[in-house]
Amino acid sequence: MKARKSHFFKLQDSLFKYFLIACSLIVVGLFVAIFLMLFETSLPSIYQNGWSFLTGLVWDPNNNIFGALPAIAGTLISAAVATLVAIPLSIGIAIFFTEYAPARSKLVLSLFIDLLAAIPSVIYGIWGLWIIAPLIKTNVEQPIIGAIGFIPLFSGPAYGLSIFLAIVILTIMVIPIITAITIELLSKTPVPLKEGMISLGATKSETIRHLGLPFARLGIVAAVILGLGRALGETMAVTMVIGNSYYWPFSGYSIFAPATTITSKIAGAVGEAGGLEFSALLEMALILMVISLAVNFISRSLIKRTSKRGFG
Amino acid sequence: MTTDLEYLNRINAMIAQMQEINETLGAIVQDALKNKKQGLRSTAYEFSKSIQLKEDDVMEMCVGSIIRYQPFASDLRAVTVAMKLSYDLSRVCRYLYNVIETLDEFEVKSCDVKEVSALLDDAREMVRQSLKAYFERDAKKAAEIIKSDDSIDQRYRMILSMHRTKPTSKTECILFNGLTARIIERLADHACYISSEVIYLVTGRRTDYR
Amino acid sequence: MQTKLDVQDLNAWFYQKQALKNVNVKIPEKMVTAVIGPSGCGKSTFIRCINRMHELVPGAKVSGKVLLDGADIYGTMDPMDVRRKVGMVFQKPNPFPNMSVADNVVAGLKLLGTYKKQELSELSDANLKSVGLWEEVKDDLKKSGASLSGGQQQRLCIARALAMNPEVILMDEPSSALDPASTAKIEELVKKLKNETTVIIITHNVQQAARISDMTAFFYLGELIEFDQTANIFESPKNQLTERYITGRFG
Amino acid sequence: MHLLSRKRKETFVKILCFLVTAAVIIPLLWIIGDVIYNGLAAWNISFLVSPVIQGGIGNAILGTFIINGMACLFGIPLGVLTGMYLSEYGQEGWFASMVRTTVESLSGIPSLILGLFAYATIIIALSQSATDRHYTAIASALALGLMMIPLVGKATEESMRVISNDIREAAIALGVPKWIRTTRIVLAIAKGGVLTGSLLAFARISGETAPLLFTALFSNFWPTGINQPMASLQVLIYNYALSGYPNLVTQAWGAALFLALIVVAINIIVRVYTKPKYKEGF
């Protein structure tokens with residue numbers, strides 16, 4: 001009787017294991033399917049457009065001419081600039097949180113940081129579109145254009161909806177990601193070392209500069225790359241505030257001009273697209289996916305390295 | 001084998017002191033016996049009293065060590081052996097005192113005490129050797145000491161039979177010799193007890209001597 | 001003295017490192033056997049070989065026989081059956097935090113699903129009583145097992161092992177994480193347990209082994225150096241290594 | 001003098017960090033303030049309970065919950081089971097590391113691409129022709145479910161993995177089979193973490209718009225079935241905000257307030273019921 005029961009358990013055990021493996025396989029299969037679908041659907045475009053897809057500036061569905069460079073450039077520039085701006089701000093917040101913020105305010109502060117990350121991007125979009133765009137247009141763009149408009153980077157006219165606004169919104173969206181990881185890294189600074197430095201008479205800012213930041217450096221790099229990934233893939237907020245003009249930065253260099261990104265182009269065009277345009281849009285998506293996965297991979301392997309690295 | 005622990009060293013130092021008392025008293029007793037001195041009773045009593053105090057100290061030290069260090073194996077045996085040794089040594093001292101006592105009781109000026117004196121020398125040597133075996137943890141030597149006890153017993157019985165072998169002697173002398181020999185025989189027994197403890201200490205096995 | 005466990009030529013490895021070398025020992029029935037030895041001497045590996053927990057570690061390998069009442073547990077027996085017959089109590093109390101005190105006691109039976117609710121509750125009460133925990137927790141039976149004190153948790157774990165009605169119960173330094181009062185309770189319990197079952201207990205505390213065990217096994221570098229009645233081991237061990245270990249003169 | 005300048009530097013750093021923090025907190029409060037202010041202007045009972053066709057957002061609220069619910073039905077079980085596999089069965093081996101890499105990579109795919117995947121596999125496959133697309137909420141749920149898998153999977157794996165091995169050993173020593181041990185002990189202990197992860201994933205997908213834009217599309221009416229176009233708060237906000245008509249923009253704000261409430265409420269609930277996220281330095 002007992003032996004039979006054990007046998008029964010063994011069967012259940014292996015059934016369960018294969019069930020879990022099957023579920024994992026489904027996930028793997030879905031991932032592969034996404035990739036294959038993107039690749040397969042973009043094949044006509046890859047075949048038709050060749051390398052000129054990457055260098056072309058014109059998107060003309062009527063004549064079947066598709067060049068993705070403005071969208072790729074817009075994506076890379078907006079994401080890179082937003083992330084760069086976010087770095088010092090995020091580190092500043094993280095230092096304030098770990099070193100200077102009163103213990104009681106930490107709970108509220110960390111909730112704020114979480115909320116900043118949690119607020120749906122479409123809400124950032126509506127806020128940027130209806131509140132910030134007019135404000136920036138009259139209070140930032142016009143004065144700057146008036147003062148230094150002769151520099152191509154700041155030349156007019158002021159649209160409000162622009163790559164500049166997209167970068168501002170993206171910066172706000174990227175900050176919580178970098179901040180959260182940096183806070184975690186800084187609060188993991190080995191306490192004995194920290195105490196040692198304080199006992200030698202170092203101030204908090206010196207401790208952070210000479211101990212906390214070097215200790216967290218690799219992790220912060222990973223966090224920054226993770227933030228970059230988020231900025232690259234962000235769709236809604238960018239689509240709503242970037243103005244969707246396809247030629248920037250090849251029409252002029254002004255940061256106050258409307259532009260486009262891969263995501264906003266896809267979001268705007270895919271509903272009505274068919275045939276070769278649809279294929280071209282998916283090729284763009286494939287490029288975005290490859291960039292995103294690469295960025296994601298680099299960031300995760302850096303994070304893994306920091307968590308493996310032993311201290312003391 | 002094992003390095004000695006501090007508390008065992010202290011216990012051993014106290015045992016050595018006890019042995020010193022016995023050596024000194026032994027010399028006094030031997031001298032008194034040979035020269036038939038009397039009136040040393042109170043001096044001997046002082047020795048006996050001081051060794052009893054030492055015995056108490058050893059006991060206290062041993063019990064304290066058991067509680068504090070919870071010794072096992074050879075350490076445990078060392079402590080229990082030390083307790084027994086201290087008792088044996090105090091008994092030895094007591095017997096030496098008994099010889100002085102007996103010497104005081106009898107008029108022995110004309111007696112022949114060569115036999116008992118020699119017996120006392122040998123018994124004292126046995127105690128000395130058994131202690132040496134203890135400090136050197138020499139089970140072989142201890143076994144030899146136990147064996148040598150047979151000759152002591154034999155000589156003791158010879159002295160007892162003096163009233164038959166030498167009927168010309170004074171009754172008082174026969175009595176004195178017999179009593180003293182009996183005491184010394186008991187003293188030698190304690191040397192054997194010490195030796196058997198040494199064997200137990202070293203080998204962990206009990207001999208059925210006691 | 002009936003032999004409960006007959007260990008024959010037991011060898012165990014972690015990858016290339018041999019953790020047990022040719023262990024031969026006959027553990028007597030209904031007695032407390034203490035397993036002592038310096039850290040890393042293989043005592044944990046030894047008892048983990050008895051309920052086939054050793055083989056779960058990556059790189060682990062076992063050879064030899066362990067006969068439980070004459071039947072080899074490495075033979076045709078299922079490991080799960082072995083573990084039901086040979087209970088185990090761990091160094092750190094590990095009650096299931098998701099179960100109540102009462103459920104923890106009968107966790108094994110409940111998860112295996114062979115008993116009715118009424119039976120389970122009776123078994124739970126009975127085993128709590130037999131480990132002397134009933135009076136302390138009878139009002140908190142619905143509370144989480146993790147809410148008890150360390151000593152209570154450990155007795156709860158013993159009750160949990162007992163509820164399976166094991167033929168042998170293995171204990172891996174069950175009181176090393178506990179305060180003296182709780183330790184004393186565990187020791188009392190162990191002494192009581194031998195009326196019902198065979199106990200094998202690892203302890204790093206030589207005094208504890210002397211207090212509670214009938215037999216003592218001394219391990220060193222994966223070898224069984226000496227196995228004898230506890231009184232003999234602690235008064236006059238035969239092996240120099242045993243002597244040096246229990247007198248604290250190692251290394 | 002030297003000491004004084006060091007002290008001054010310390011104060012400077014402190015103030016700088018504070019200003020930076022304030023500079024980022026202010027936009028947050030600003031957004032929240034704007035959403036509440038503009039959103040409440042649109043709110044009344046009928047706005048919340050009537051469908052778009054009657055000037056409300058009721059069907060969009062319902063649609064968001066239906067789509068999310070379907071996504072949960074798909075994403076949570078797969079996420080939990082995959083996480084369980086990674087934590088309890090897949091410690092090593094090529095298959096486990098492949099699954100782990102896949103799950104991590106899945107979290108790095110932009111949601112827009114997941115939407116495209118659902119669009120290409122379901123919408124286009126179900127459609128008669130390019131001009132007559134059959135939009136369905138099921139496709140949205142697929143895309144959002146795909147987003148949930150890595151979030152839930154990671155949360156499950158991590159909250160199961162932190163459970164001490166002592167607990168597993170206790171169960172092994174009782175002779176409990178592995179699958180019972182995994183489900184009724186390890187998972188049961190980790191269920192708090194799994195629930196938290198699922199709630200946060202729910203909050204996260206509630207805000208996702210891109211995957212819905214060309215899958216569930218939109219509808220002015222109450223949902224009649226899941227294999228239909230369906231309104232959602234996200235798409236409503238997007239469409240109305242871009243429409244430019246003041247009354248529609250107001251409705252978009254009202255929808256944004258409701259959406260923000262869902263997200264914020266879940267985040268605060270999770271916060272209250274879990275331990276503080278960041279450990280104190282010292």
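Residue numbers start from 1 in every chain, and the chains themselves are labelled A, B, ... in the order their sequence lines are given, proteins ahead of strands.
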Open item on the list: Quick one, Phe278(A) with Tyr119(D), criterion ring pair (Phe, Tyr, Trp, His ring centres under 6.0 Å). Give me CA distance, side-chain angles, the key distance, then yes/no.
Closed with: CA-CA 11 Å; Phe278(A) 185 64; Tyr119(D) 177 73; 5.6 Å; yes
- [ ] Against chain D, label Ile132(A) side chain, backbone, both or neither, depending on which of its atoms sit under 4.5 Å from a heavy atom there.
- [x] side chain
TODO: To the nearest 0.5 angstrom, please state how far the CG atom of Leu115(A) sits from the CZ atom of Arg271(D).
DONE: 8.0 Å
Task: Arg300(A) versus Thr101(D), side-chain donor and acceptor atoms under 3.5 Å - done: no
- [ ] Check each atom of Phe214(D) against the heavy atoms of chain A and say whether the ones under 4.5 Å are side chain, backbone, both or neither.
- [x] side chain
TODO: Please step through side chain to side chain contact (heavy atoms under 4.5 Å, CB included) for the pair Tyr89(D) and Ile21(A), ending with a clear verdict.
DONE: CA-CA 9 Å; Tyr89(D) 291 82; Ile21(A) 289 179; over 6 Å; no
Open item on the list: Given 3.5 Å as the limit, does a donor-acceptor pair link the side chain of Asp13(A) with the main chain of Lys178(D), or not?
Closed with: yes
- [ ] Using side-chain contact (heavy atoms from CB on, under 4.5 Å) as the criterion, list what pairs up with Ala79(A), not counting sequence neighbours.
- [x] Leu228(A), Ala231(A), Leu232(A)
- [ ] Give, as side chain, backbone, both or neither, the part of Tyr135(D) having an atom under 4.5 angstrom from any heavy atom of chain A.
- [x] side chain
Open item on the list: Between Val263(D) and chain A, with a heavy-atom cut-off of 4.5 Å, which part of the residue counts as in contact: side chain, backbone, both or neither?
Closed with: side chain
- [ ] Find out whether Ile119(A) and Leu28(D) are in side-chain contact, i.e. whether some heavy atom of one side chain is under 4.5 Å from a heavy atom of the other.
- [x] yes
Task: Gap between atom CG of Leu288(A) and atom CD1 of Ile113(D) - 0.5 Å precision - done: 4.0 Å
Going by atom type alone, with no hydrogens or angles, which donor-acceptor pairs under 3.5 Å involve a side-chain atom of residues 28-35 of chain A and a protein atom two or more places apart or on another chain?
none

Task: Portion of Leu86(D) that has a non-hydrogen atom of chain A nearer than 4.5 angstrom - done: neither
Open item on the list: I need the Phe112(A) CZ to Leu29(D) CG distance, nearest 0.5 Å.
Closed with: 5.0 Å
Open item on the list: With a 3.5 Å distance limit and no angle check, can you tell me whether Asn296(A) reaches the backbone of Glu104(D) through a side-chain donor-acceptor pair?
Closed with: yes
- [ ] Give me the ring orientation class for Trp30(D) and Trp127(A): parallel if the planes are under 30° apart, tilted from 30 to 60°, perpendicular past 60°.
- [x] perpendicular
Task: Segment of Met37(A) engaging chain D (4.5 angstrom heavy-atom cut-off) - done: side chain
TODO: Let me know if Leu89(A) has heavy atoms under 4.5 Å from chain D in its side chain, its backbone, both or neither.
DONE: both
TODO: Under 4.5 Å heavy-atom distance to chain A, tell me which part of Leu106(D) shows up: side chain, backbone, both or neither.
DONE: both
Open item on the list: With a 3.5 Å distance limit and no angle check, can you tell me whether Glu10(D) reaches the backbone of Thr203(A) through a side-chain donor-acceptor pair?
Closed with: no
Open item on the list: Under 4.5 Å from any heavy atom of chain A, what part of Val264(D) do you find: side chain, backbone, both or neither?
Closed with: both
TODO: Starting at CG of Leu20(A), measure out to CD of Glu88(D) and round the result to the nearest 0.5 Å.
DONE: 9.5 Å
Open item on the list: Just so I know, are the side chains of Ile25(D) and Ile93(A) near enough to count as touching, which here means a heavy-atom distance under 4.5 Å?
Closed with: no
Open item on the list: If I take atom OG from residue Ser105(D) and atom CG from residue Leu293(A), how far apart are they, to the nearest 0.5 angstrom?
Closed with: 5.5 Å
TODO: Name the region of Ile123(A), side chain, backbone, both or neither, that has any atom closer than 4.5 Å to a heavy atom of chain D.
DONE: side chain
Task: Structural part of Leu200(D) lying under 4.5 Å from a heavy atom of chain A - done: neither
- [ ] Tell me, for Leu186(A) versus chain D, whether the close heavy atoms (under 4.5 Å) come from the side chain, the backbone, both or neither.
- [x] neither
Open item on the list: Among residues at least two apart in sequence or on other chains, which ones pass salt bridge (charged side-chain N to carboxylate O under 4.0 Å, His left out) with Glu157(D)?
Closed with: Arg100(D), Lys154(D), Arg161(D)
Open item on the list: Can you tell me which portion of Thr235(A) sits under 4.5 Å from chain D's heavy atoms? Options are side chain, backbone, both or neither.
Closed with: side chain
Task: Residue-level contacts of residues 202-212 of chain D with chain A, using a heavy-atom cutoff under 4.5 Å - done: Gly207(D), Thr209(D), Ala210(D)
TODO: Please look at Tyr240(D) and chain A and tell me whether the side chain, the backbone, both or neither of the residue comes under 4.5 angstrom of a heavy atom of that chain.
DONE: neither
- [ ] Tell me, for Leu233(D) versus chain A, whether the close heavy atoms (under 4.5 Å) come from the side chain, the backbone, both or neither.
- [x] neither
- [ ] Would you indicate whether the side-chain heavy atoms of Trp253(D) and Ile126(A) approach each other to under 4.5 Å?
- [x] yes
Task: Side chain, backbone, both or neither of Ile123(D) within contact of chain A (heavy atoms, under 4.5 Å) - done: neither
TODO: Give a yes or no answer on whether the side chain of Trp179(D) reaches the backbone of Lys17(A) with a donor-acceptor pair at less than 3.5 Å.
DONE: no
TODO: Select one option (side chain, backbone, both, neither) describing which atoms of Leu111(A) are under 4.5 Å from chain D's heavy atoms.
DONE: both
Task: Distance (rounded to the nearest 0.5 Å) between Ser205(A) OG and Lys9(D) NZ - done: 5.5 Å
Open item on the list: If we define contacts as heavy-atom pairs under 4.5 Å, which of Thr183(D), Asn267(D), Asp34(D), Val103(D) has the most with chain A?
Closed with: Asp34(D)
Open item on the list: Using the rule side chain to side chain contact (heavy atoms under 4.5 Å, CB included), only one of Ile175(A), Thr179(A), Thr171(A) pairs with Val24(D); which is it?
Closed with: Ile175(A)
Task: Proximal component of Leu81(D), with respect to chain A [non-hydrogen, under 4.5 Å] - done: both
TODO: Could you look at Ile31(D) and say if it's the side chain, the backbone, both or neither that has a heavy atom under 4.5 Å from chain A?
DONE: both
Task: Per-residue contact mode, Phe18(D) against chain A (heavy atom under 4.5 angstrom) - done: both
